[in-house]
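No experiment lies behind these values; they were computed from the predicted model shown. All values below come from the heavy atoms of this structure, side chains included, with hydrogens, waters and symmetry mates left out. If you read the sequence from its start, that first residue is 1, and numbering goes on from there.
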Amino acid sequence: MKKCRITVMKMASYPDLSEKYENPLEHPCDMKLGQIFICNGWQQPDGFCDSAWDSISPFVMTLAYGGSDIYTGWMKNKNSAMISCNDGFRPVSFYIEALDEEACE
């Protein structure tokens, strides 16, 4: 099993939708553009948003266990994926790539 790197590539915010539909949140996800997380296999990294992890963890697991070419020909790097979280108010796009480094057990 490999380690994976997750990089925050793009962030969006739709305050008009939040104001109209969302209950106020004290602490929404606080990812930062360019932030990097390293996964030990497919374990959720410390400080990673739980909701975002629910969206991307199947792809991290696939790459960590040696899967590649997700969606056949989609990515230039076959050992990577570009996945967004499912937060419709503040979506974040992540670049996930398997590293050559083995995960610690």
Side-chain angles (χ1 to χ4, degrees):
M1 179 172 37
K2 304 282 185 185
K3 288 187 177 186
C4 290
R5 177 179 22 241
I6 302 170
T7 305
V8 177
M9 300 300 289
K10 194 86 169 168
M11 301 175 73
S13 180
Y14 304 108
D16 57 328
L17 295 176
S18 294
E19 184 177 320
K20 186 172 182 177
Y21 298 109
E22 185 178 40
N23 288 321
L25 297 176
E26 286 186 36
H27 186 70
C29 192
D30 58 358
M31 298 280 178
K32 307 267 187 285
L33 191 61
Q35 190 171 11
I36 295 173
F37 296 89
I38 302 296
C39 298
N40 185 40
W42 71 285
Q43 296 174 0
Q44 181 176 346
D46 291 337
F48 201 88
C49 174
D50 290 336
S51 180
W53 184 253
D54 289 344
S55 299
I56 73 167
S57 63
F59 298 91
V60 173
M61 182 170 63
T62 298
L63 293 169
Y65 278 98
S68 66
D69 204 16
I70 299 172
Y71 299 126
T72 312
W74 173 38
M75 299 294 291
K76 291 180 180 180
N77 173 357
K78 292 183 178 191
N79 297 315
S80 70
M82 179 68 77
I83 306 297
S84 297
C85 73
N86 61 2
D87 183 341
F89 301 113
R90 290 165 299 278
V92 178
S93 295
F94 301 96
Y95 180 66
I96 308 163
E97 57 189 324
L99 302 175
D100 289 333
E101 191 176 341
E102 292 294 320
C104 303
E105 294 191 30

Subject >> Gap separating the SG atom of Cys39 from the CG atom of Leu63, nearest 0.5 angstrom >> reply: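 Cys39 atom SG to Leu63 atom CG measures 10.0 Å (nearest 0.5 Å).
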Subject >> Nearest-0.5 Å distance, SG of residue Cys4 to CG of residue Leu99 >> reply: 6.5 Å
Original post:
Just wondering, more than 12 heavy atoms not from Asp30 lying within 6.0 Å of its CG?
Top reply: yes
Original post:
With sequence neighbours left out, which residue pairs that include part of residues 32-41 fulfil the side-chain hydrogen bond (donor to acceptor under 3.5 Å, both in side chains) condition?
Top reply: none
**OP:** Answer yes or no: is there a side-chain heavy-atom contact under 4.5 Å between Asn86 and Ser51?
**Re:**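 Yes, side chains in contact.
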Original post:
Testing Met82, Met31, Lys10 for side chain to side chain contact (heavy atoms under 4.5 Å, CB included) with Phe94, which one passes?
Top reply: Met31
Could you give the side-chain donor-acceptor pairs of residues 66-78 under 3.5 Å, partners two or more places apart or in another chain?
| residue | atom | partner | partner atom | Å |
| --- | --- | --- | --- | --- |
| Asp69 | OD1 | Gly73 | N | 2.7 |
| Asn77 | OD1 | Asn79 | N | 2.8 |
| Asn77 | ND2 | Tyr95 | OH | 3.4 |

Subject >> Lys/Arg N to Asp/Glu carboxylate O, Glu102 vs Lys2, below 4.0 Å >> reply: yes
Original post:
Looking only at heavy atoms, what is the nearest atom pair of Ser55 and Pro58, with distance?
Top reply: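 In this case the closest contact between Ser55 and Pro58 is O-CD, 3.9 Å.
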Subject >> Residue pair Ala103 / Gly41: nearest heavy atoms and the distance that separates them >> reply: CB-N, 3.3 Å
Can you give the donor-acceptor pairs under 3.5 Å from side chains of residues 11-25 to other protein atoms, not counting sequence neighbours?
| residue | atom | partner | partner atom | Å |
| --- | --- | --- | --- | --- |
| Ser18 | OG | Tyr14 | O | 3.4 |
| Ser18 | OG | Glu22 | OE1 | 3.3 |
| Glu22 | OE1 | Arg90 | NH1 | 3.1 |
| Glu22 | OE2 | Arg90 | NH2 | 2.9 |

Original post:
Given the rule that I, L, V, M, F, W and Y join up when any side-chain heavy atoms are under 4.5 Å apart, are Ile96 and Leu33 in one cluster?
Top reply: yes
**OP:** Would you sort out whether Ile6 and Phe59 count as a side chain to side chain contact (heavy atoms under 4.5 Å, CB included), showing the intermediate values?
**Re:** CA-CA 11 Å; Ile6 302 170; Phe59 298 91; over 6 Å; no
Original post:
Got a sec, which pairs hit salt bridge (Lys or Arg N to Asp or Glu O under 4.0 Å) with one end in residues 43-56, sequence neighbours left out?
Top reply: none
Subject >> side-chain contact (heavy atoms from CB on, under 4.5 Å) involving Tyr65 - partner list, sequence neighbours excluded >> reply: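 Applying side-chain contact (heavy atoms from CB on, under 4.5 Å) to Tyr65 gives Met1, Trp42, Met61.
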**OP:** Could I get the full list of ring-ring contact (aromatic ring centres under 6.0 Å, His included) partners for Phe37, not counting sequence neighbours?
**Re:** Phe48
